[in-house]
Amino acid sequence: MAGEVPLLGICLGGQIVAHALGGSVSRRPRGPEVGAVPLRRLPAAGGDPVLGGVPEGAPAVQWPGDEVDRLPAGAVPLLTGDDCPYQAFRVGDAAWAVQFHPEVGAEAVALWAAADGERLRSAGVDPGTAMAAVREAELELRAVWGAVSEAWGAVVRARADARGV
């Protein structure tokens, strides 16, 4: 953080960013959130160099059993959802954290559902429904999160160029 090296924490990585910087993480009281879940933009998202292009209602692949329940001091919330208030946030000018999996599509979710199915069913969640939702959203997932990947790459390149790396 002190060196402003770009950091993107994904799911558990985002939870680690929150915890390491003074926020907190807890077990989700409503059980796991899985599948393709729509996100809502918060006011600060508009000017964000990484997540500013995420459209209202964009789907994101979810699979957490834990969630960030308190942001670190100074964190800027960027995206929220109906069931998880802190879907994405930024701390300073170089650290981002997301609760979801922008890198994942239907193929990975099918593997997760097979491996995690019993736990999900015992929590009242149907892994087949989650898998179907991701499969149905696959094209939009690729478009939205592919663009975010490009934006993230531009931030990393700009920081490297500024440092002469």
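The figures here come from the full heavy-atom set of this structure, side chains too, leaving out hydrogens, waters and symmetry mates. Predicted model, so just to flag it, every value in this text is computed and none were measured.
The minimum heavy-atom distance between Gly14 and Phe89, with the atom names listed, is O-CZ, 4.0 Å. Of all heavy-atom pairs between Gly117 and Pro127, the closest is CA-CG, 3.9 Å. Across all non-hydrogen atoms, the minimal contact from Phe100 to Ala88 is CE2-CB, 4.3 Å.
Hydrophobic clustering keeps Leu79 apart from Leu71 (ILVMFWY residues linked when any side-chain heavy atoms are closer than 4.5 Å, directly or through intermediates). Connection of Val98 to Val76 is established within a shared hydrophobic cluster, with ILVMFWY side chains joined at heavy-atom distances below 4.5 Å, either directly or through further cluster members.
Hydrophobic cluster membership for Ile16: Leu12 (Ile, Leu, Val, Met, Phe, Trp, Tyr linked by side-chain heavy atoms under 4.5 Å, directly or transitively). In the hydrophobic clustering, where aliphatic and aromatic side chains (Ile, Leu, Val, Met, Phe, Trp, Tyr) are joined below 4.5 Å either directly or transitively, Val5 stands alone.
Screening residues 123-137 for salt bridge (charged side-chain N to carboxylate O under 4.0 Å, His left out) gives no qualifying pairs among residues at least two apart or on separate chains. Listed by first and then second residue, the salt bridge (charged side-chain N to carboxylate O under 4.0 Å, His left out) pairs involving residues 7-18 amount to none (not counting sequence neighbours). Evaluation of the salt bridge (charged side-chain N to carboxylate O under 4.0 Å, His left out) test over residues 8-24, restricted to residues two or more places apart or in two chains, returns none.
A 4.5 Å side-chain heavy-atom check between Glu67 and Pro29 finds at least one atom pair inside the cut-off.
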Distance-only criterion, 3.5 Å: show the donor-acceptor pairs between side-chain atoms of residues 80-87 and protein atoms not counting sequence neighbours.
from, atom 1, to, atom 2, distance (Å)
Thr80, OG1, Pro85, O, 2.8
Asp82, OD1, Arg40, NH1, 2.3
Asp83, OD1, Arg30, NE, 2.6
Asp83, OD2, Arg28, NH2, 2.2
Gln87, OE1, Gln62, NE2, 2.9

Side chains of residues 102-116: which donor-acceptor pairs under 3.5 Å do they make with residues two or more places apart or in other chains?
from, atom 1, to, atom 2, distance (Å)
Glu103, OE2, His101, ND1, 2.9
Asp116, OD1, Arg119, NE, 2.9
Asp116, OD2, Trp63, NE1, 3.0
Asp116, OD2, Arg119, NE, 3.3
Asp116, OD2, Arg119, NH2, 2.6

Can you list, pair by pair, the side-chain donor-acceptor contacts under 3.5 Å of residues 42-58, counting residues two or more places apart and other chains?
from, atom 1, to, atom 2, distance (Å)
Asp48, OD1, Arg90, NH1, 2.4
Asp48, OD1, Trp96, NE1, 3.1
Asp48, OD2, Val50, N, 3.0
Asp48, OD2, Leu51, N, 2.7
Asp48, OD2, Trp96, NE1, 3.1
Glu56, OE1, Arg41, N, 2.9

I'd like a table of donor-acceptor pairs (distance under 3.5 Å, sequence neighbours excluded) in which one partner is a side-chain atom from residues 17-27, with atom names and distances.
from, atom 1, to, atom 2, distance (Å)
Ser24, OG, Asp69, OD1, 2.4
Ser26, OG, Asp69, OD2, 2.9
Arg27, NH1, Gly65, O, 3.4
Arg27, NH1, Asp66, OD1, 3.2

Would you tabulate the side-chain donor-acceptor contacts of residues 139-157 under 3.5 Å, counting partners in other chains and residues two or more places apart, or write 'none'?
from, atom 1, to, atom 2, distance (Å)
Arg142, NE, Glu138, OE2, 3.1
Arg142, NH2, Glu138, OE2, 3.3
Trp145, NE1, Pro59, O, 2.8

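Just one residue in the list Val37, Thr129, Val61 forms a side-chain contact (heavy atoms from CB on, under 4.5 Å) with Val134, and that residue is Val61.
Arg159 meets the side-chain hydrogen bond (donor to acceptor under 3.5 Å, both in side chains) test with Glu4; sequence neighbours excluded.
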